[in-house]
There are 2 protein chains.
Amino acid sequence: MSRPPHAREKVLDAFERLLITEGERAATLESVAREAGVSKGGLLYHFGSREALEEGMYARLRMLAAEDVEAVRTAPEGPISYFLSTSGDVGLPLDRAITAVGRLAHGGNAAAAAELAAVRASWGEALRPHVRDDAALDLVMLVSDGIYVNSALMNDLPGPVPRGEALAALIRLVETAARD
Amino acid sequence: MSRPPHAREKVLDAFERLLITEGERAATLESVAREAGVSKGGLLYHFGSREALEEGMYARLRMLAAEDVEAVRTAPEGPISYFLSTSGDVGLPLDRAITAVGRLAHGGNAAAAAELAAVRASWGEALRPHVRDDAALDLVMLVSDGIYVNSALMNDLPGPVPRGEALAALIRLVETAARD
DNA sequence: GTCTATACTAAGATAGAC
DNA sequence: GTCTATCTTAGTATAGAC
């Protein structure tokens, strides 16, 4: 909501960073506090438990995702192309929030999995009017999921995710198969 | 290698089961030992450390994946169709091993991520001769990744993964776009 | 609003009995 | 080959000072 960065936001940033780069196991309250530059007690003033900290991440994700769904809907180059070309982004706030919550979801956290499913469903609704049928929607969504999971798993390393011209060729292929 | 199930295999089964159903955090040595019906000391006789236990899972994955790559190559209905139609399986030994190692990978374990990347690459090699070009290979691989990640994340719950006729329609769409 | 100190629990790992 | 007992470290959480 405002600057300068409150301790609360710094804690959330640190939690997110640790989840992305070192995984759920490493993102303990102590590590998060250290990474955020506050004490354990200080962290626990803002988030009274680990669950509250996780809930804070979900709230951040919901806010950023709502903005992105609007961006998908109104993208000048068309929703499908925009949606797919941004699926492999890894540095932007939304992508970081998704990856962080994804780490929690794969860690067995059912609430986190439900948050991701909700975001995914809202993208599906935004894309539905622009594809031929349900199979085409599945195609677009699953290619996006595939790009995301490879990006998130490989943490910036040169992995199997298509980039540049390869990504552009893939998007042309998907659009041909799916566009209404 | 043989029956009756040695304690070693029971431990590995328990580790796999806990990773899949409750995530990495819950899969502690103590929980794994309890789930396997052995003591912590008994477990540590077979796997001297947590790392050794993880390495045991990688070995299991490598063995099952090698078998599956052969099945993809020789599938009567064609490699693409077979590959995609089995991407959403969740109960078979290979799928369970992949999901378990996936949990570790998303938990920030670089070795686990490398194992998954290697398996993925071997599938890519098997499929390459059967697709039109690199973009088509990307399409098939990413749709498969998407199906897998949704299946693994949703743990059997009725999720966003296409099944039955919806899956068949998706596969026809992908084959039309990708097949050589 | 943030810190230190501390309580309690559980983690990974070792030693040695059976 | 498997168990019990124990060590050390680290996790979540609370109380109370500043």
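By convention in this document, chain letters (A, B, ...) are assigned in the order of the sequence lines, proteins followed by strands, and residues within each chain are numbered from 1.
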Discussion item. Without decimals, in angstroms, what is the distance between A:Lys40 NZ and C:dA5 C1'?
Written reply: 11 Å
Worksheet item: Using a heavy-atom distance cut-off of less than 4.0 Å, which residues of residues 43-59 of chain B contact DNA chain D?
Response: B:Tyr45, B:His46
Worksheet item: Looking at CG of B:Asp68 and CG of B:Leu92, how far apart are the two atoms once the value is rounded to the nearest 0.5 Å?
Response: 9.0 Å
Worksheet item: Quick one: are A:Leu104 and A:Glu115 in side-chain contact, heavy atoms under 4.5 Å?
Response: no
Worksheet entry | Expected output: side-chain A:Thr99 to main-chain A:Arg96 donor-acceptor under 3.5 Å | no
Worksheet item: So among B:Asp89, B:Leu142, B:Leu170, B:Thr86, which one has a side-chain contact (heavy atoms from CB on, under 4.5 Å) with B:Ile147?
Response: B:Leu170
Practice prompt. Look at B:Arg25 and D:dT12 and indicate whether a side-chain polar atom (N or O) is within less than 4.0 Å of OP1 or OP2.
Written response: yes
Fill in: ILVMFWY cluster, A:Trp123 and A:Leu64 together (side-chain gap under 4.5 Å)
yes
Discussion item. For B:Ala112, is there any backbone N or O sitting under 3.5 Å from a side-chain donor or acceptor partner on B:Asn109?
Written reply: yes
Worksheet item: Are the charged groups of A:Lys40 and A:Glu30 less than 4.0 angstrom apart, N to O?
Response: yes
Fill in: Spacing between A:Leu18 atom CG and D:dG11 atom P, to the nearest angstrom
11 Å
Worksheet entry | Sub-4.5 Å side-chain heavy-atom contact between B:Phe47 and B:Met57 | no
Worksheet item: Which residues within residues 26-39 of chain B lie with some heavy atom under 4.0 Å of an atom in DNA chain D?
Response: B:Val38, B:Ser39
